[in-house]
Protein chains: 2
Amino acid sequence: MTTTTFERADSWIATPPSSQSESFLSAVLVVRRIVAEHHDRPSLVSRVACEVGAEIIENVRHSGEDLSSVELAERYETSRTPIREALLLLEKEGLVRIPQRRRPHVAVLDIAEVREIYRVRAVLFGAVASDAATLRTPEDLAALRELLARLSTAHDAQDLSAYLWANVEFYNRLTIAAHNATAKRILDSLLLRTLRLRRLSLSQPTRREKSMAHHVQLMSAIEEQDAPLADVLIRSNHLHALAVLEQIYADGGVPSPMRSRRRRRQAAAATE
Amino acid sequence: MTTTTFERADSWIATPPSSQSESFLSAVLVVRRIVAEHHDRPSLVSRVACEVGAEIIENVRHSGEDLSSVELAERYETSRTPIREALLLLEKEGLVRIPQRRRPHVAVLDIAEVREIYRVRAVLFGAVASDAATLRTPEDLAALRELLARLSTAHDAQDLSAYLWANVEFYNRLTIAAHNATAKRILDSLLLRTLRLRRLSLSQPTRREKSMAHHVQLMSAIEEQDAPLADVLIRSNHLHALAVLEQIYADGGVPSPMRSRRRRRQAAAATE
DNA sequence: ACAGGAATTTATGTCGACATAATTGAATGA
DNA sequence: TCATTCAATTATGTCGACATAAATTCCTGT
């Protein structure tokens, strides 16, 4: 099942998949789901958007790093027009900033914004989980149980990446069960913005422990259709996750944005 | 004060302001605030986006109507590239749909989506109002009181447009007081999507009555820093507003999307 | 008269080019 | 040595052109 998942990721990026890690391919798929939501067929624009977006999420491109359209056009062997559009898609999701007449760059996530995002997510996700607990079908339950099992496996194996992506999938399934596409789109977008930090926060064993326990509790609240409990659990978990991030930021655990003189573009006149 | 407001709206649209109503100029400013948030200087793209966005909100362009990029490029005497970008900005706010390889068109708002939007808004706005009630400064209070007075004046004068825009400004000021830019952006975007319908719902005198009373109550909750009350009031008001819209949709009060054969483009070779 | 399909028209996605703004690098002076 | 100013470089915003996909029209057969 994960296999098919990874196979299908290839068509949404431009570079050969062999060089990519599994985590990166997961990232591509998540980005695709959110940023290329309406693009049913992989187009040039969506490929670029997915790949660059995944690179940002996977911290291949760092906070504040320049995303010059000419540089990207060279790299993807296309003109600047589709690159520009791809960057606009990523800006819409908050991964990229495009100041007028200035070079686009990877958006910088300061703690103030993270705080805001987690506050909004806590409230919205609480409501969504509440609805999901009420509306969930047997199919929803089955899917969620399976994802919980995947989560548990990853947790036992201490596999950070696997845990992270299973986590994302669990929340994804949960938001689907609530049958509110608008809420889902907003939550997805907010998730995307903070995915860069998830690895940091989940790298703490105590955090992973709490997170795992939380998911078990949440699952049972949903099974028992205890909407208020699901709401409170989600909010509490978000508060805790935020506290961890606050700590990490305070300790300087988040690499500060590059004072990006852009890296010299070594004009590789190789292709001739 | 409103005078300066209207004067400044001119620079964000492309056509002469003399032909525009006051309501339309208010619409332009609201669109600008949301869609051209980061564009500090009026650029070609933002002008087009603001004007077309305002036309959608003001129902000058109807649900489902085609927005061909060549047609718009002709009208604004520019090339398709900036038009395309302007349409992308409007799509990001949900006012426009751009299917791949098909003509962009004004987004269609069905009742299911309206329901979703109001649910999300109720929850998020409740939380924001709650924060605003807690955090509000004396300046916030003064500004809100003044807007409440404007609301009351418009209400007494039975001036639908004035009431509508004062309403928008009141909520805008309220979301500012909560000091959560992320939440504000989301709420603004959701508001924009439903602004087209506001006139419908507020055209009912009973609805206006309820709305006015609601604002008075809300204002006092904020003055007294009664966060839970502010939360509940907002939610309740949104539920009521939604109920009115459900009724209007059920009665067929919302013009159904044009089966838009696009209007024949009478090639006006006038400019020679 | 009408439905269905081929031919024509029109729009989109992408490209390379240009003018102009921003950025880098060099040169000057304290 | 460092800050400041000016020239050179590089990137952006916009444009018109082209290939190709949709939409529309026209034509044919029933």
Whole-Å gap separating P (C/dT12) and CG (B/D66): 9 Å
B/Q100 vs A/R101, nearer the 5' end of DNA chain C by closest nucleotide: B/Q100
Donor-acceptor pair between A/S26 and A/S23 side chains, under 3.5 angstrom: no
Phosphate OP1/OP2 of D/dC15 contacted by B/S79 side-chain N/O (<4.0 Å): yes
Atom-pair distance (CG on A/L67; P on D/dT10), nearest Å: 19 Å
Donor + acceptor pair across side chains of A/S161, A/R199 (<3.5 Å): yes
Sugar-phosphate only, base, or nothing, as touched by A/R102 at under 4.0 Å among non-hydrogen atoms: sugar-phosphate
Separation of atom CG in B/L44 from atom P in D/dC15, rounded to whole Å: 6 Å
Phosphate OP1/OP2 of C/dA21 contacted by A/R103 side-chain N/O (<4.0 Å): no
Phosphate-side-chain proximity, A/T78 and C/dT14, N/O vs OP1/OP2 below 4.0 Å: no
Between D/dA17 (C1') and B/R80 (CZ): distance, integer Å: 10 Å
Atom CZ of B/R198 with >12 non-hydrogen neighbours under 6.0 angstrom: yes
N/O (side chain, A/S69) to phosphate O (OP1/OP2, D/dT12) under 4.0 Å: yes
Whole-Å gap separating P (D/dC15) and CD (B/E74): 14 Å
Rounded distance in Å - CD (A/E85) to C1' (C/dT12): 11 Å
B/Y118 six-ring face occupied by B/R121 cation (under 6.0 Å, within 45°): yes
B/T194 side chain to B/L197 backbone, donor-acceptor under 3.5 Å: no
Separation of D/dT12 C1' from A/R97 CZ (nearest whole Å): 16 Å
Nearest-Å distance for atom pair CD1/C1', residues B/I83 and D/dC15: 13 Å
